[in-house]
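In this text, all values refer to a predicted model and were calculated from it rather than measured experimentally. In what follows, chains are A, B, ... by sequence order, proteins preceding strands, each numbered from 1.
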2 protein chains.
Amino acid sequence: MYEKKIPLPLECGLAMTREILGGKWKPNLLLAISVGINRPSQLHREIPTSTKRVLNLQLKELEEFEMIEKKIYHQLPPKVEYSLTERGETLMPILRQMNEWGDKNRPFIKSIILNRTKALD
Amino acid sequence: MYEKKIPLPLECGLAMTREILGGKWKPNLLLAISVGINRPSQLHREIPTSTKRVLNLQLKELEEFEMIEKKIYHQLPPKVEYSLTERGETLMPILRQMNEWGDKNRPFIKSIILNRTKALD
DNA sequence: CATATAGGGGACAAAATTATCCCCGGAGGA
DNA sequence: TCCTCCGGGGATAATTTTGTCCCCTATATG
């Protein structure tokens, strides 16, 4: 893994949460797993704008922090299933709120983003 | 501002929220402002591990998305006060939850991070 | 043989974000 | 005069995160 050179402020609650949810696709992964989309290939289909590679990296970090568990079925073809741990479940209220907030405010945020690029003409 | 080369998925609620809260210090800034720490120099003292420079950048983005408002008092020495907009207020439940979650889970997360560096000996 | 599915990852490039350094105006105090 | 405080920002470097490309095992199917 990449070893940080700038230390994380371990005494800040927000920084702790950022360390867990900070990855670009981690919130999406957690939400997807929570609704039963829990196999690597399913997750990739669910988030096609990302790459297998990156999803695997982020899943590994979520696993390292014990937010999700990985069950490996030693079969051929291989089968893997992720599930939320109890600790991971405690993140769901936050994630659902973030998702809802984003949906509610989408039109507004969208308009600002779009005007930003228009201004470049 | 930096112009993104990889387009933002405008249809995903989580991505919208990430766009607002994604900056390293934005959640801290919003929480601080919400409790009355609302002048630039105060904010910098509150978050001394950051730089004025970066805080200004992130404040500007929060302002661009109308999460905060900036009042400039044309005095000498100059005086500036930030405040949450109504829209910005709607973020507070999320931020408070993130902060609480991080505080509750700090010991656990901390131990994982620290063991990570020990493993390099 | 070629392709598909299922899973995984190394090496490296590119993008995005933060940090560092130094400068500005103007007032006030030692 | 020199330093402090208040606010702000350009130029550039460093850090961190994501993405791209290619290769791997093994089975099944056209």
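For B:R45, the side-chain atoms get nearest to D:dC6 when compared with the rest of D:dG8, C:dA15, D:dC6. If you check D:dT15, D:dG19, D:dA11 against the side chain of B:I6, the one that comes closest is D:dG19. Taking every side-chain heavy atom of B:K70 into account, D:dG8 is the closest of C:dA19, D:dT16, D:dG8. With distances taken from any side-chain atom of A:P40 to the nucleotides C:dG8, C:dA15, D:dA11, the minimum falls on C:dG8. Side-chain proximity of A:S41 to C:dA6, D:dT20, D:dG10: nearest is C:dA6.
Taking atom NZ of B:K24 as the reference point, atom C1' of C:dA16 lies 14 Å away to the nearest angstrom. At whole-Å resolution of the value, NZ in B:K60 and C1' in D:dG8 are 8 Å apart. One can place OH of B:Y82 at 13 Å from C1' of D:dC6, the figure rounded to the nearest angstrom. Rounded to an integer number of Å, the gap from B:K52 NZ to C:dA19 C1' is 14 Å. Between the CG atom of B:L55 and the P atom of D:dC6 there is a distance of 14 Å, rounded to whole Å. The nearest whole Å value for the distance from the CG atom in A:L8 to the C1' atom in D:dT17 is 15 Å. Atom OH of A:Y2 is separated from atom P of D:dT15 by 7 Å (rounded to the nearest Å). To the nearest angstrom, P of D:dC5 lies 19 Å from CD of B:Q75.
Using a 4.0 Å heavy-atom criterion, one finds that B:R39 contacts the sugar-phosphate atoms exclusively. Note on A:T51: a base of the nucleic acid sits closer than 4.0 angstrom, heavy atoms only. At the heavy-atom level, B:Q58 lies under 4.0 Å from the strands shown only through sugar-phosphate atoms. Within the 4.0 angstrom heavy-atom criterion, no nucleotide atom of any strand lies near A:K26. Residue A:V54 is classed as a base contact, given a heavy-atom separation below 4.0 Å to a base. Among the protein residues, A:K4 comes within range of the sugar-phosphate backbone only, with heavy atoms under 4.0 Å from sugar or phosphate atoms but none that close to a base.
Between A:P77 and A:R18, the one whose closest nucleotide on DNA chain C sits nearer the 5' end is A:P77. Nucleotides of DNA chain C nearest to A:P78 and B:S50 differ in position, and the one nearer the 5' end is that of A:P78.
Phosphate proximity of D:dG8 to B:N56: present, with a side-chain N or O under 4.0 Å from OP1 or OP2.
Contact detail for B:T85 and B:I68: the closest heavy-atom pair is CG2-C, 3.7 Å. Among all heavy-atom pairs drawn from A:M16 and A:L10, the shortest one is CE-CA, 3.6 Å. Minimum heavy-atom separation, A:P9 to A:A15: O-CB, 3.7 Å.
Not a single donor-acceptor pair, N or O on each side, falls under 3.5 Å between the base of D:dG7 and the side chain of B:K79.
Shown here is A:E86, whose CD atom has no more than 12 heavy atoms of other residues, nucleotides or ligands within 6.0 Å.
Between B:K24 and B:V54, the closest side-chain pair of non-hydrogen atoms is not below 4.5 Å.
Using a 4.0 Å cut-off between a side-chain N of Lys or Arg and a carboxylate O of Asp or Glu, A:K110 and B:E11 qualify as a salt bridge.
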